[in-house]
Amino acid sequence: MRRRSLLLALPAGLVALSGCGDDSGDSGSKESPSPDASSPGPEAAKPGKVVDGPLPEITEGTGFGETPKLAKATGKPSPHIAVQVPVEGKGTKVAKGDYVQVDYLGQVWGAEKTFESTFGKDQSAVFPIGQQQILPAWDQVLVGKTVGSRVQMAVPPKYGFGEQGQPQLKIKPDDTSVWVLDVVDTFNAKSSAKGEKVAQDDVDLPKVGTNTNGKAPSIEVPDTKAPKKLVSSYVIEGDGPKVAEGGSVLVHYRGVLWDGGKEFDASYNNNTLAQFSLQQVVEGWSKGLAGKKAGSRVLIVVPPEQGYGKEGQGDKIPGNSTLVFSVDILAAM
């Protein structure tokens, strides 16, 4: 049995696998441009009963996007999941299977200090919802909430960190955790880049389609020699936070060979998104995405030495191949 946490991609204090299973699985490697995000999670936990309290008061930062401060919770917490929505958003409704972007703050019932928070930091947390990869209470409660909402909940151990607690955060097995979560955005297989189109006027580089309907963009490779150096340029420039060097991203992507323009991989074909660390992928991706803004569509041309080299990859990428990618950066973590 592993100690429960939120998700591998969340901040360091919450990094640990949740639930039961095999620790040997690889969430992504340099053997593919990005990991497979479609693998099923563990068996779903039974839903908990939801009640409307008790919950401690939010004493400061009560508006959506503001850094909240929680009062010390007093009295006995409910054995059920206590939930209130102090701010009701008007955005897209979160659906099971989406990737949800949130800012959150966590505090133990009866404590005066928080044990983890993303508020005031450059990047929010992003995770799949309804896939048993986060705290069971989050998995249950956030489905159906709308973007722009602030959700407050008190989570008993059964629907939180489980019978082991979370020693790394000094959460004991019998601790109830209290959370404030702002639902920043939600993404699914129909999500696309959103921003300003950028002129593609270099005739020696591929042209990438600018459609934003969730369908795979076209990639037209010119009948010229491939560049010898890495190319990374905006097709659509978003206005989100920049991808940190070695950070993690949520993307939609398509890849074709420079020679012949044949597609060898695309998240669009799997009807799912891809989430990974830049430390897990080929050098052309890690360097090509670092510093780019969330919300953007990026053209990346990867020379062989920053891709799969002389050996190639499987039967779809021959050795010494230059690779061309369209990458929609939906979120940066």
State whether the number of non-hydrogen atoms from other residues, nucleotides or ligands found under 6.0 Å of Asp239 atom CG is greater than 12.
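Atom CG in Asp239 is not packed in, count stays at 12 or less.
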Distance-only side-chain donor-acceptor flag, Asn269 / Glu263, under 3.5 Å
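Yes, side-chain donor-acceptor contact under 3.5 Å.
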Can you confirm whether the side chains of Ser117 and Thr114 place a donor and an acceptor under 3.5 Å from each other?
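Side chains of Ser117 and Thr114: no pair found under 3.5 Å.
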Phe264 ring center within less than 6.0 Å of Tyr308 ring center
no
Can the ring centroids of Tyr159 and Trp138 be said to lie less than 6.0 angstrom from one another?
no
Should Glu245 and Lys292 count as an ion pair when the cut-off is N to O under 4.0 Å?
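No, this pair does not count.
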Ionic contact status for Lys194 with Asp185, cut-off 4.0 Å
yes
Does [Y] offer a backbone N or O that forms a donor-acceptor pair with the side chain of [X] under 3.5 Å?
| X | Y | value |
| --- | --- | --- |
| Glu112 | Ala71 | no |
| Gln84 | Asp52 | yes |
| Ser296 | Glu237 | no |

Residue from Val208, Leu205, Ile219, Leu257 passing side chain to side chain contact (heavy atoms under 4.5 Å, CB included) with Val324:
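Looking at Val208, Leu205, Ile219, Leu257, the match for Val324 under the side chain to side chain contact (heavy atoms under 4.5 Å, CB included) is Ile219.
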Classify the ring geometry of Phe115 against Trp179: parallel below 30°, tilted from 30° to 60°, perpendicular beyond 60°.
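Phe115 vs Trp179 ring planes: perpendicular.
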I need the Leu70 CG to Lys113 NZ distance, nearest 0.5 Å.
15.0 Å
